[in-house]
Novice: 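What follows is a structure written as C-alpha cells; I'll ask about it next.
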Amino acid sequence: LEQFAEFIKMEDPDVIALQEVDVRTNRPGAPHQNGKDFITELGCLTGMLTAYARTIDYSGGYYGIGILSKYPFKKTEKIMLPMPEGAKEQRAALIADVELPGGKCFTFISTHLDHSVSLVRKAQVKAINKAVKKNRYPVIIAGDFNSRPDSPEIREGMKKWEQACSNDFTHPSDLPKSKIDYIFYKPSNRWKAVSSSTPRTELSDHLPVKAKICLLYTSPSPRD
C-alpha cells in the first residue's frame, strides 16, 4: 500500500477510480496486507478524500470499488449492477458528485464490470446509462470494463460517451495483451480531452489509465 500510495502521489491526480479494493480481508497470497482497510490507508497515505462501495463480502472482510479525490464529495451513491444469467459475481458502480472550488460540481463514477460474458456486461452498461440519464452534472466514468474496444458493450453501450483514453493494452501489466480499462466522459460540450497515457507499473495486474480532461465552464442553466 505504501508503494501504491507513492505511485499515486507521483502521478498527482485530482480523482482516481479504484477497483478490487479490499477492506479487512485475509488473502493467503498477501499476508502482509491481511486485515488492512485499503481505501482508508490509501487516503491517509496520499492525503486524498475517500469513498468506498462494498460489492461482496470476501474472506472475512469486504471487496469492492473506491474513489480517491482531492476535492470533497457533495453526494455519493452505490448502484448494484444487474446479474443476468451467466454472471459470476455481484458488481456495482460508485457514483460521486465532486465539488470543485467555487462550488462547481461534476459526477465521477468508478465501476468494475463482470468478467464472464458480453451479454452480462451489456446489461450492466445499460444500467449505468439509465442511472446517469438525467444526471445534472457533467460525468466521467472510469474503471475495469472487462471488455475489448470492439465488444458490443463498448462499441454500442458506450456510444453516447466520449473516450478520454487511448486503446493501449492494459492487461496483464507485465505483458499487456488486451485493452479492458477505460475513461469516458459526457456530454462532449462540457469537457475537453487534453491528453492520456498508460503508465507502466507492476503494482497491479492491470496498467493504470490516465487522462487529463478539462471541465468547461459554460453559462449556468436553470438546473445548475
Novice: Would you confirm whether W191, through its side chain, and K186, through its main-chain N or O, come within 3.5 Å as a donor-acceptor pair?
Specialist: yes
Novice: Does the D97 side chain pair with the main chain of C105, one donor and one acceptor, at a distance under 3.5 Å?
Specialist: no
Novice: Under the criterion side-chain contact (heavy atoms from CB on, under 4.5 Å), I'd like the reasoning laid out for I183 against I140: C-alpha separation, chi angles, the key distance, then a yes or no.
Specialist: CA-CA 7 Å; I183 302 172; I140 295 172; 3.8 Å; yes
Novice: Closer than 3.5 angstrom, by distance alone: can the side chain of N34 be matched with the main-chain N or O of R24 as a donor-acceptor pair?
Specialist: no
Novice: Can you find a pair of side-chain heavy atoms, one from I16 and one from I8, that are under 4.5 Å apart?
Specialist: yes
Novice: Enter the distance from I56:CD1 to R91:CZ here, rounded to the nearest 0.5 Å.
Specialist: 7.5 Å
Novice: Is the side chain of Q124 donor-acceptor paired with the backbone N or O of P82 at a distance under 3.5 Å, no angle test?
Specialist: yes
Novice: Any side-chain heavy atom of Y71 sitting closer than 4.5 Å to one from V15?
Specialist: no
Novice: Backbone N or O of L18 within a donor-acceptor pair of the S110 side chain at under 3.5 Å?
Specialist: yes
Novice: Nearest 0.5 Å, what's the OG-CD distance between S151 and E156?
Specialist: 10.0 Å
Novice: Is there a side-chain contact between S69 and V98, using heavy atoms and a 4.5 Å cut-off?
Specialist: yes
Novice: Starting at NE2 of H112, measure out to CG of N146 and round the result to the nearest 0.5 Å.
Specialist: 5.0 Å
Novice: Please lay out, stage by stage, how S59 and N26 fare under the test side-chain hydrogen bond (donor to acceptor under 3.5 Å, both in side chains).
Specialist: CA-CA 6 Å; S59 193; N26 291 279; 5.3 Å; no
Novice: Near R54 CZ, under 6.0 Å, is it more than 12 heavy atoms from other residues, nucleotides or ligands?
Specialist: yes
Novice: Working note: R200 + D174, criterion salt bridge (charged side-chain N to carboxylate O under 4.0 Å, His left out); need CA distance, chi angles, decisive distance, verdict.
Specialist: CA-CA 9 Å; R200 296 304 297 261; D174 56 345; over 6 Å; no
Novice: Kindly determine whether K78 and Y52 satisfy side-chain hydrogen bond (donor to acceptor under 3.5 Å, both in side chains), including the steps that lead there.
Specialist: CA-CA 9 Å; K78 177 180 74 171; Y52 183 73; over 6 Å; no
Novice: Answer whether the closest heavy-atom distance between the side chains of L207 and D168 falls below 4.5 Å.
Specialist: no
Novice: Considering only heavy atoms from C-beta outward, does the side chain of Y137 approach that of R190 to under 4.5 Å?
Specialist: no
Novice: Quick one: CG on D114 to CD on E153, what's the gap to the nearest 0.5 Å?
Specialist: 10.5 Å
Novice: Are D144 and L113 packed together at the side-chain level, in the sense that at least one heavy-atom pair is separated by less than 4.5 angstrom?
Specialist: no
Novice: Considering residues, nucleotides and ligands other than F106, do more than 12 of their heavy atoms fall under 6.0 Å from its CZ?
Specialist: yes
Novice: Can you label the angle between the Y63 ring and the Y58 ring as parallel, tilted or perpendicular, going by 30° and 60°?
Specialist: tilted
Novice: Please report the interatomic distance NZ(K179) to NE2(H171), rounded to the nearest 0.5 Å.
Specialist: 13.0 Å
Novice: Does a side chain donor of either Y185 or K192 reach within less than 3.5 Å of an acceptor in the other side chain?
Specialist: no
Novice: Working to the nearest 0.5 Å, report the span between CZ of R121 and CZ of F145.
Specialist: 11.5 Å
Novice: With a 4.0 Å cut-off on N to O distance, would you call R27 and D22 a salt bridge?
Specialist: yes
Novice: Is there side-chain contact between T201 and F7, with at least one heavy-atom pair below 4.5 Å?
Specialist: yes
Novice: Check whether Q163 reaches the backbone of C165 with its side chain - one donor and one acceptor, N or O, closer than 3.5 Å.
Specialist: yes
Novice: Spell out, as yes or no, whether a donor-acceptor pair under 3.5 Å connects the side chain of S204 to the backbone of H206.
Specialist: yes
Novice: With a 3.5 Å cut-off and no angle check, do the side chains of S173 and E202 form a donor-acceptor pair?
Specialist: no
Novice: Can any side-chain N or O of S196 pair as donor or acceptor with the backbone N or O of V209 at less than 3.5 Å?
Specialist: no
Novice: Using a 3.5 Å distance criterion without hydrogens, assess whether the side chain of T76 forms a donor-acceptor pair with backbone atoms of A96.
Specialist: no
